[in-house]
**Student:** 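Provided herewith is a single structure, encoded as structure tokens, for subsequent inquiry.
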Amino acid sequence: VFIVNSVIRCFLKNNQWKEAFDLFEEAVGSGVPNAFTYNILMHWLCHVGRLKEACNLFARMEDAGVKPNVVSYNNLLFGHCKQGDMDSAANLYGQMTERGIKPNVITFAILMDGYVKKKDFDQAYDMLNIMRGLGIACNEYTFNTVINGLCKAGRMSEANDMLHKFMEEGFVPNCMTYNCIINGFIREGAMSSAISTYQQMLKRGISPNIITYTNFIDGFCKSNCTDVALKLMYEVRRKGLQLDIAAYNAIIVGFCKDKNMDDALKLFDELLEAGLEPNAAVFNSLISGYVYLSNMTAAFELHKKMLEEGIPCDTAIYTTLIDGSLKAGNVTVALELYSEMLAKGHVPDDVTFTALIHGLCENGHLEDAYKILHEMDRMDLHPNVLIYNTLINGYFREGKLQEAFRLHDEMLDRGLVPD
RNA sequence: CCCACCGCUGAUUGU
């Protein structure tokens, strides 16, 4: 079992999921898999967004008489949280406790982080209290998650108070803690508060890392100060800190949005010269750059080049290509890409669906848009308000008011609140 | 032999 488990883990690490699952099926035939085996696979499925398959696996695990443990539940909880489906997460949590499986500090960290990502700090904080009520002590993850929750919700002064409260409880803030706070300030445009937080962390003897600086670089880019960002980037490099893909990409995106592909590509070359391995995110930035320029030929060429270099495509890239094709009026190609991504096991997300539905409406394909909205149900994905708005708007513009109102009612039936 | 926290990429209705 140990050997099978570690081989499966290796396969997954290399994106060889077909091989991993083949081996798993073979092992099932001889009754080898244990809880670890299932957990490893569920973990991977949840991380790549294939939650439905993870749930199926969980069911199979029980059928096979292998008892799920905390980790099994934690993995599935993580999957629901990652999809932003906190209702299902809460349900599952209830189920696990009913079955007598004790949640641990990780369970709560996962749930809290799920609420944090939905900017629902209060729910996250409720979880913290429940956890403490059960006598489970906080760890660094817990503390950082709470601070991050306030920062993500834009409640910066409370974040500061909370930090001090935690420090009294013995929490020693680390680089990540300060990164969360800096990020919060930058997102609300409070650059000077961000800088003074940065100085505070230096004073406490905590070394900033590349993430700290990427927060600033990205902030400058998003406020149209690409030049300042670029300067900072070189300064960071001069300090001897290794720039990574995300740092470069923050600026590349800035250039791409300015439709300045020359400088974007120049930076891309620099990143290659620095010995960094480009990932799907950088390629996606560049591909989007071509989409902004309405140059789908170049976009597809770059996509091809990426695949040739052995970088696997992902949901975001498919979304960019689908969106670009629709904006160019090419519905056929867009639908082909959509089928292709499904066939290859990529799970479209709400961004993909908004792009598809919006683009189909723009091109007058309302029926296709409507069909796709309801395909989401079969995939266990929950359409959000934005997607409904997009489609309702499409019907409105075509003068199909009845359809629009029907969709509106359907949305209400699903418990979505119109905005 | 398995699980959780920070930065970069994709969509956008109405005002």
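So you know, we letter chains A, B, ... as the sequences are listed, proteins then strands, and number each from 1.
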**Student:** Looking across every strand, which nucleic acid part, if any, lies under 4.0 Å from A/N393 by heavy atom: base, sugar-phosphate, or nothing?
**Tutor:** sugar-phosphate
**Student:** Under 4.0 Å from any heavy atom of chain A: name the first and the last nucleotide of RNA chain B that qualifies, 5' to 3'.
**Tutor:** B/C1 to B/G14
**Student:** Does anything in residues 267-285 of chain A come within less than 4.0 Å of RNA chain B? Heavy atoms only, and list the residues if so.
**Tutor:** A/A281, A/N284, A/S285
**Student:** Touch check for A/D244, heavy atoms < 4.0 angstrom, all strands: base, sugar-phosphate only, or nothing?
**Tutor:** base
**Student:** Under the rule for side-chain hydrogen bond (donor to acceptor under 3.5 Å, both in side chains), what residues qualify as partners of A/E375, not counting sequence neighbours?
**Tutor:** A/Y338
**Student:** Assign A/T352 to base, sugar-phosphate, or nothing according to its heavy-atom contacts below 4.0 angstrom with the strands shown.
**Tutor:** base
**Student:** NA contact type, A/T320, heavy-atom cut-off 4.0 Å: base, sugar-phosphate, or nothing?
**Tutor:** sugar-phosphate
**Student:** How is A/D349 classified with respect to the nucleic acid when contacts are heavy atoms under 4.0 Å: base, sugar-phosphate, or nothing?
**Tutor:** base
**Student:** Which is true for A/A250 with a 4.0 Å heavy-atom rule: it touches a base, it touches only sugar-phosphate, or it touches nothing?
**Tutor:** sugar-phosphate
**Student:** Name every donor-acceptor pair, under 3.5 Å, that has one atom in a side chain of residues 66-80 of chain A and the other anywhere in the protein, sequence neighbours excluded.
**Tutor:**
residue	atom	partner	partner atom	Å
A/N69	OD1	A/N39	ND2	3.3
A/N69	OD1	A/V71	N	3.0
A/N69	OD1	A/S72	N	3.0
A/N69	OD1	A/S72	OG	2.9
A/S72	OG	A/N39	OD1	2.8
A/S72	OG	A/N69	N	2.9
A/S72	OG	A/N69	O	3.4
A/Y73	OH	A/Q95	OE1	3.1
A/Y73	OH	A/R99	NH1	2.9
A/N74	OD1	A/T107	OG1	2.7
A/N74	ND2	A/N104	OD1	3.4
A/N75	ND2	A/N39	O	3.3
A/N75	ND2	A/V71	O	3.3
A/H80	ND1	A/L76	O	3.3

**Student:** Could you list by number each residue of residues 214-223 of chain A showing a heavy-atom separation from RNA chain B of less than 4.0 Å, or answer none if no residue does?
**Tutor:** A/T214, A/N215, A/D218, A/K222
**Student:** Report which part of the nucleic acid A/Y395 touches: base, sugar-phosphate, or nothing (heavy-atom distance under 4.0 Å, all strands).
**Tutor:** nothing
**Student:** Which residues pass the side-chain hydrogen bond (donor to acceptor under 3.5 Å, both in side chains) test with A/E403, not counting sequence neighbours?
**Tutor:** A/R406
**Student:** So what does A/K327 touch, heavy atoms closer than 4.0 Å: a base, only the sugar-phosphate, or nothing?
**Tutor:** sugar-phosphate
**Student:** Which is true for A/I110 with a 4.0 Å heavy-atom rule: it touches a base, it touches only sugar-phosphate, or it touches nothing?
**Tutor:** sugar-phosphate
**Student:** Just to be sure I understand the rule, does A/T315 reach a base, reach only the sugar-phosphate, or reach nothing, if contact means heavy atoms closer than 4.0 Å?
**Tutor:** base
**Student:** Examine A/Y141 together with A/F108 and report whether their ring centres are nearer than 6.0 Å.
**Tutor:** no
**Student:** Who passes side-chain hydrogen bond (donor to acceptor under 3.5 Å, both in side chains) against A/E140, sequence neighbours left out?
**Tutor:** A/N174
**Student:** So, are A/R60 and A/E25 salt-bridged, with charged N and O less than 4.0 Å apart?
**Tutor:** yes
**Student:** With sequence neighbours excluded, tell me which residues meet side-chain hydrogen bond (donor to acceptor under 3.5 Å, both in side chains) with A/Y125.
**Tutor:** A/K165
**Student:** Could you give all pairs that pass the salt bridge (Lys or Arg N to Asp or Glu O under 4.0 Å) test and reach residues 46-57 of chain A, with sequence neighbours left out?
**Tutor:** A/R50-A/E53, A/K52-A/D380
**Student:** Show every salt bridge (Lys or Arg N to Asp or Glu O under 4.0 Å) that has at least one partner inside residues 383-399 of chain A, sequence neighbours left out.
**Tutor:** A/E362-A/R397
**Student:** Would you be so kind as to tabulate the donor-acceptor pairs closer than 3.5 Å made by side chains of residues 180-191 of chain A, with sequence neighbours excluded?
**Tutor:**
residue	atom	partner	partner atom	Å
A/N183	OD1	A/R187	NH1	2.6
A/N183	ND2	A/N215	OD1	2.8
A/R187	NH2	A/C151	O	3.2
A/R187	NH2	A/K152	O	3.4

**Student:** With sequence neighbours left out, what residues match A/K344 under side-chain contact (heavy atoms from CB on, under 4.5 Å)?
**Tutor:** A/Y318, A/E340, A/H346
